[in-house]
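Read through the structure below, which is laid out as structure tokens, and then see the notes.
Order of the sequence lines sets the chain letters (A, B, ...), proteins ahead of strands, with each chain counted from 1.
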Amino acid sequence: MEVPLYQNYVHDHLRRTSLSSSTSYFSHHFSGSELFRDRSLLSAYSLWSNRRKLRNSFCWVKCSSLEQGLRPRLKPKPSKVDRDVRKGTPSKETRITKSSVRICCHIEKLVLCNKFRDALEMFEILELEGGYDVGNSTFDALIIACIGLKSIRGAKRLCAYMIDNGIEPDQYIMNRILLMHVRCGMMIDASKLFDEMPERNAVSWNTIISGYVDSGNYKEAFRLFIMMWEEYPGCSPRTFATVIRASAGLELIFPGKQLHSCAVKAGVGQDIFVSCALIDMYSKCGGLEDAHCVFDEMPDKTIVGWNSIIAGYALHGHSEEALNLYFQMRDSGVKIDHFTFSIIIRICSRLASVTRAKQAHASLVRNGFGLDVVANTALVDFYSKWGKVDDARHIFDRMSCKNLISWNALIAGYGNHGRGEEAIEIFERMLREGMVPNHVTFLAVLSACSISGLFERGWEIFQSMTRDHKIKLRAMHYTCMIELLGREGLLDEAYALIRKAPFQPTANMWAALLRACRVHENLELGKYAAEKLYGMEPEKLRNYIVLLNIYKSSGKLKEAADVVRTLKRKGLSMLPACSWIEVKHQPHAFLSGDKHHPEIEKVVEKVDELMLEISKLGYVPEQNILLPDVDHEEKIQIYHSEKLAIAYGLINTLKQTPLQIVQGHRVCGDCHSVIKLIAMITKREIVVRDASRFHHFRDGRCSCGDYW
DNA sequence: TTAGGGTTAG
């Protein structure tokens with residue numbers, strides 16, 4: 001049989017590296033580290049012998065017969081007569097009655113109807129009275145209820161009940177209990193339980209490994225996988241599918257390739273689940289070509305496989321290719337699902353493709369996914385980014401189920417369009433409704449405060465983060481606060497905040513201070529921040545330009561000339577900026593100074609006409625354009641790409657349509673003033689999405705508060 | 001004789 005080319009590659013890789021090889025990622029990664037020491041401790045034998053040390057930590061084992069030197073077991077089950085005597089209840093025949101059967105059946109039925117809370121309430125009857133004969137199916141139903149509600153309290157109640165009633169779970173129920181701990185996020189308890197299990201099978205291993213992957217503890221997942229690989233001959237496709245996700249989580253392609261090799265060796269390289277996990281892993285680790293090879297070789301291309309490869313292309317910014325794959329998928333007769341919609345809406349958001357997003361929205365409703373939380377959250381995000389925050393709010397209000405990400409998307413939507421008060425209002429409503437905010441929520445709220453200049457509220461919220469919400473402050477939060485202080489002109493306070501940060505200041509923090517220094521003309525502090533930035537990111541052109549301008553403005557021409565020389569020596573030059581706009585379902589891209597667009601003459605004429613009109617209103621082009629002496633400078637100054645895109649939009653769209661421009665760089669100060677004036681004289685709504693934020697120009701104002 | 005696996009949104 002002919003072996004496909006890709007399989008050759010994998011086999012070759014397998015020969016060169018394998019899990020047992022001393023050069024493998026795992027050995028390399030874990031040797032000489034704490035993990036290696038842990039690994040030696042956690043060999044099968046040690047685990048067994050360490051059980052004594054661990055036994056006091058888990059309630060069941062506390063009751064086990066370890067002290068008697070026996071094989072670890074759970075608390076011996078008392079006889080029914082003993083139980084009846086202890087509880088002071090009637091004899092066994094009267095206790096195992098119809099009522100027992102009725103309650104258990106009722107619990108199971110409630111769980112079947114997803115009425116988890118009711119099932120746990122019904123369980124209270126069993127807890128209060130005790131002595132009932134509860135079977136595995138009822139325990140299983142209660143476990144499903146606890147998992148469904150992610151109820152830690154429920155999980156603990158269930159375990160306590162089993163211990164109090166001397167129930168000795170079999171392997172099946174033991175695995176289910178392990179799963180309950182994992183899914184309720186009780187990983188410490190789950191780990192102890194796993195260590196103490198009298199017997200473990202493949203399900204136990206897969207369950208605990210998936211728990212570590214889900215909780216983001218990828219190294220622990222790898223360590224357990226190695227243990228399993230070495231001591232348990234039951235690595236199934238499920239195991240590989242799970243542990244490959246750990247590689248994707250760590251964004252490390254090398255262990256991912258090794259796992260791929262191991263999967264091939266184990267004969268499960270083309271399993272559907274393994275293939276999907278591999279596509280996802282390769283694309284998240286930057287190996288899009290490998291991802292596509294795996295996809296091509298999938299014997300049966302499932303919807304998950306298609307979604308994974310489309311998401312992979314989208315992740316790497318190949319939006320057009322991703323859309324083409326989506327059309328291929330539809331043509332191949334695969335039925336799209338809510339995952340597909342979420343991915344497609346995100347691609348539309350990237351491309352600013354309003355038409356396609358609207359089609360996707362309509363299709364979403366038509367296909368019966370109108371209530372899906374993820375797809376609707378993607379829509380909230382899309383409409384917010386498009387500048388239609390009220391439409392986003394409308395979708396949000398109609399969502400029957402909202403999660404943290406939905407709230408965060410709406411808060412960011414209001415914040416990014418200069419509606420800081422409404423962002424705070426939503427944030428406060430979210431807290432009132434019992435939703436627990438995370439670091440992203442605070443990023444959205446602080447950014448909203450910064451953009452809208454809500455200094456006091458922003459500062460108050462920043463302080464409440466650690467005090468009331470126990471959220472660790474990250475560099476991004478500090479950056480927001482530096483911007484907020486900078487806007488108020490409190491430059492010394494902003495600098496003090498950088499110094500006070502409990503970590504090394506990041507380039508973004510210095511850049512935020514530098515921006516504030518430029519706006520408020522504090523040359524001294526600005527120079528200091530620029531030098532810091534220059535030292536941290538020596539290859540970033542932007543920083544050279546900033547430093548050059550600082551020297552130029554302070555009259556230090558010799559230093560300025562040195563910077564230009566360094567720039568030329570390093571071969572760094574300004575790449576022409578690119579902006580694009582979608583008109584009649586087609587994206588139109590414009591490069592700064594580029595004259596290749598078929599309608600460029602008409603567009604340039606329109607730009608000139610607009611510039612003339614705004615100059616009559618008193619607009620004077622910024623003379624001190626802060627750019628180095630590089631090629632294209634003249635063209636860049638005259639025809640900035642965003643001006644060309646706007647002019648094209650004005651010529652080719654109806655007056656009531658808002659212009660949606662996307663660009664990969666930051667809007668410069670001069671362009672910002674120009675767009676604001678164009679929006680005013682043409683009475684058009686213009687949304688510009690640049691590298692840092694959204695600018696919503698309407699009625700001669702911009703949502704960013706004229707700060708860039 | 002059950003159970004454990006892959007893709008999405010901020």
Quiz prompt | For atom CG of A:Asn403 and atom C1' of B:dT8, their distance in whole Å | solution = 11 Å
Distance-only criterion, 3.5 Å: show the donor-acceptor pairs between side-chain atoms of residues 426-433 of chain A and protein atoms not counting sequence neighbours.
unit_1: A:Glu428; atom_1: OE2; unit_2: A:Arg457; atom_2: NH2; d: 2.5
unit_1: A:Arg429; atom_1: NE; unit_2: A:Glu433; atom_2: OE2; d: 3.0

Just list the side-chain donor-acceptor pairs under 3.5 Å for residues 329-340 of chain A, sequence neighbours left out, or say none.
unit_1: A:Ser332; atom_1: OG; unit_2: A:Met329; atom_2: O; d: 2.7
unit_1: A:Asp337; atom_1: OD1; unit_2: A:Asn307; atom_2: ND2; d: 3.1
unit_1: A:Asp337; atom_1: OD1; unit_2: A:Phe339; atom_2: N; d: 3.1
unit_1: A:Asp337; atom_1: OD1; unit_2: A:Thr340; atom_2: N; d: 3.0
unit_1: A:Asp337; atom_1: OD1; unit_2: A:Thr340; atom_2: OG1; d: 2.9
unit_1: A:Thr340; atom_1: OG1; unit_2: A:Asn307; atom_2: OD1; d: 2.9
unit_1: A:Thr340; atom_1: OG1; unit_2: A:Asp337; atom_2: N; d: 3.1
unit_1: A:Thr340; atom_1: OG1; unit_2: A:Asp337; atom_2: O; d: 3.3

Practice problem: Kindly write out the residues that satisfy salt bridge (charged side-chain N to carboxylate O under 4.0 Å, His left out) with A:Arg183, not counting sequence neighbours, or none if the list is empty. | Solution: none
Practice problem: For DNA chain B, determine which residues of residues 430-440 of chain A have any heavy atom closer than 4.0 angstrom to one of its atoms, and list them numerically. | Solution: A:Asn438, A:Val440
Quiz item: Which residues satisfy the side chain to side chain contact (heavy atoms under 4.5 Å, CB included) test with A:Cys235, sequence neighbours excluded?
Solution: A:Phe225, A:Met228, A:Trp229, A:Thr239, A:Phe240
Quiz prompt | Validation row: A:Leu193, A:Ile208 side chains within 4.5 angstrom (heavy atoms) | solution = no
Exercise. Specify the separation, in whole Å, of atom CG of A:Leu315 and atom C1' of B:dA9.
Key: 14 Å
Practice problem: Measure from CD1 on A:Ile395 to P on B:dA9 and round the result to the nearest Å. | Solution: 17 Å
Quiz prompt | Pairs where residues 266-287 of chain A contributes a residue and the test salt bridge (charged side-chain N to carboxylate O under 4.0 Å, His left out) is met, not counting sequence neighbours | solution = A:Asp280-A:Lys284
Self-check item: Rounded distance in Å - CZ (A:Phe139) to P (B:dT1)
Solution: 23 Å
Let me check something: any side-chain donor-acceptor pairs from residues 393-400 of chain A under 3.5 Å, sequence neighbours excluded? List them with distances.
unit_1: A:Arg393; atom_1: NE; unit_2: A:Asp397; atom_2: OD1; d: 3.2
unit_1: A:Arg393; atom_1: NE; unit_2: A:Asp397; atom_2: OD2; d: 3.2
unit_1: A:Arg393; atom_1: NH1; unit_2: A:Tyr414; atom_2: OH; d: 3.1

Quiz item: Sequence neighbours excluded, which residues qualify as side chain to side chain contact (heavy atoms under 4.5 Å, CB included) partners of A:Leu112?
Solution: none
Quiz item: What string of B, S and - do you get for nucleotides 2-7 of chain B, 5' to 3', when a contact is any protein heavy atom under 4.0 Å?
Solution: BBBBBB
